[in-house]
Amino acid sequence: MNHWLVKSEPEAYSWADFVREGGTDWTGVRNYQARNNLQAMQPGDLALFYHSVSEKAVVGVAIVHAAHAPDATAEAGSPWVAVHLRPHAPLGRPVSLAALKADERLAQLGLLRQSRLSVTPVRPEEFDLILALAEG
DNA sequence: GCCAACGTTGGC
DNA sequence: GCCAACGTTGGC
């Protein structure tokens, strides 16, 4: 099983929206590197859900419910794909960007190394550590 | 509001 | 194929 981190601006689509809807097609990714990550996702993979810009914190865990399919919001024949994500669990408490940066064990975290990439892989030990930080 | 990072576009 | 210009993202 692989682990991931997906970003969303809460003003555009928040964890609360995600929970309310019970899941969503993760559409709108228009970057090849992020698309490649979407294509590598398999059902059962877990993804940290990060609120960018206004909140800057990991707030929950999503689970990949369906592997990639063409992004219905893109033109037919375009290379863009979406996966279907469902809520898996909220975090006990959000883990802020500052907290991620402050932990030297997360120095290689994709989010920190390439802050603009909207879908990044997360190493299992990084994933577990972030969950542990959320437990306080 | 500013700016750094970075991806894309287009002229040459 | 190179690179300058430009647009977008997202942290500060």
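Note: hydrogens, waters and symmetry copies are ignored here, and every other heavy atom, side chains too, is used. Order of the sequence lines fixes the chain letters, A, B, ..., with proteins taken first and strands second; residue numbering starts at 1 for each chain.
Not one N or O on the side chain of A:Lys7 forms a donor-acceptor pair closer than 3.5 Å with the backbone of A:Leu111.
Within the structure, salt bridge (Lys or Arg N to Asp or Glu O under 4.0 Å) pairs that include any residue of residues 40-57 of chain A do not occur (at least two apart or interchain). Within the structure, the ring-ring contact (aromatic ring centres under 6.0 Å, His included) test picks out no pair touching residues 93-123 of chain A (sequence neighbours left out).
Between the P atom of C:dG10 and the NZ atom of A:Lys56 lies a distance of 12 Å, rounded to the nearest Å. Rounded to whole Å, the distance from CG on A:Leu100 to C1' on C:dG10 is 15 Å. Taking atom NZ on A:Lys7 and atom C1' on C:dG10, their separation rounds to 7 Å, with Å as the unit. Whole-Å rounding puts the A:Glu55 CD to C:dG11 P distance at 11 Å.
Contacts of A:Asp128 classified as salt bridge (charged side-chain N to carboxylate O under 4.0 Å, His left out), with partners at least two apart in sequence or in another chain: none. Residues passing the ring pair (Phe, Tyr, Trp, His ring centres under 6.0 Å) test with A:His65, sequence neighbours excluded: A:His84. Checked against ring pair (Phe, Tyr, Trp, His ring centres under 6.0 Å), A:Phe18 has the following partners two or more places apart in sequence or in another chain: A:Trp15, A:Phe49. A:Asp25 meets the salt bridge (charged side-chain N to carboxylate O under 4.0 Å, His left out) test with no other residue; sequence neighbours excluded. Annotation: salt bridge (charged side-chain N to carboxylate O under 4.0 Å, His left out) contacts of A:Arg86 (sequence neighbours excluded): none. For A:Arg113, the salt bridge (charged side-chain N to carboxylate O under 4.0 Å, His left out) test picks out no residue, with sequence neighbours left out.
Note on A:Val119 and A:Val64: same hydrophobic cluster, where clusters join Ile, Leu, Val, Met, Phe, Trp and Tyr whose side-chain heavy atoms are under 4.5 Å apart, directly or indirectly.
In this structure, A:Leu117 reaches neither bases nor backbone, as no heavy-atom distance under 4.0 Å exists between it and the strands shown.
Of the residues in residues 10-18 of chain A, not one comes within less than 4.0 Å of DNA chain C through any heavy atom.
Note on the helix from B:dG1-C:dC12 to B:dC12-C:dG1: angle between the axes of the first and last five pairs equals 10°, rounded to 10 degrees.
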Quiz item: Which parts of nucleotides 3-9 of chain B does protein reach within less than 4.0 Å, heavy atoms only, written one letter per nucleotide 5' to 3' as B for base, S for sugar-phosphate only and - for none?
Solution: --BBSS-

Using atom types as modelled, flag every donor-acceptor pair under 3.5 Å from a side chain in residues 28-35 of chain A to any protein atom, sequence neighbours excluded.
unit_1  : atom_1 : unit_2   : atom_2 : d
A:Arg30 : NH1    : A:Asp71  : OD2    : 2.8
A:Arg30 : NH2    : A:Thr73  : OG1    : 3.1
A:Asn31 : OD1    : A:Gln33  : N      : 3.0
A:Asn31 : OD1    : A:Ala34  : N      : 2.9
A:Gln33 : OE1    : A:Gln114 : NE2    : 3.2
A:Gln33 : NE2    : A:Gln114 : OE1    : 3.2

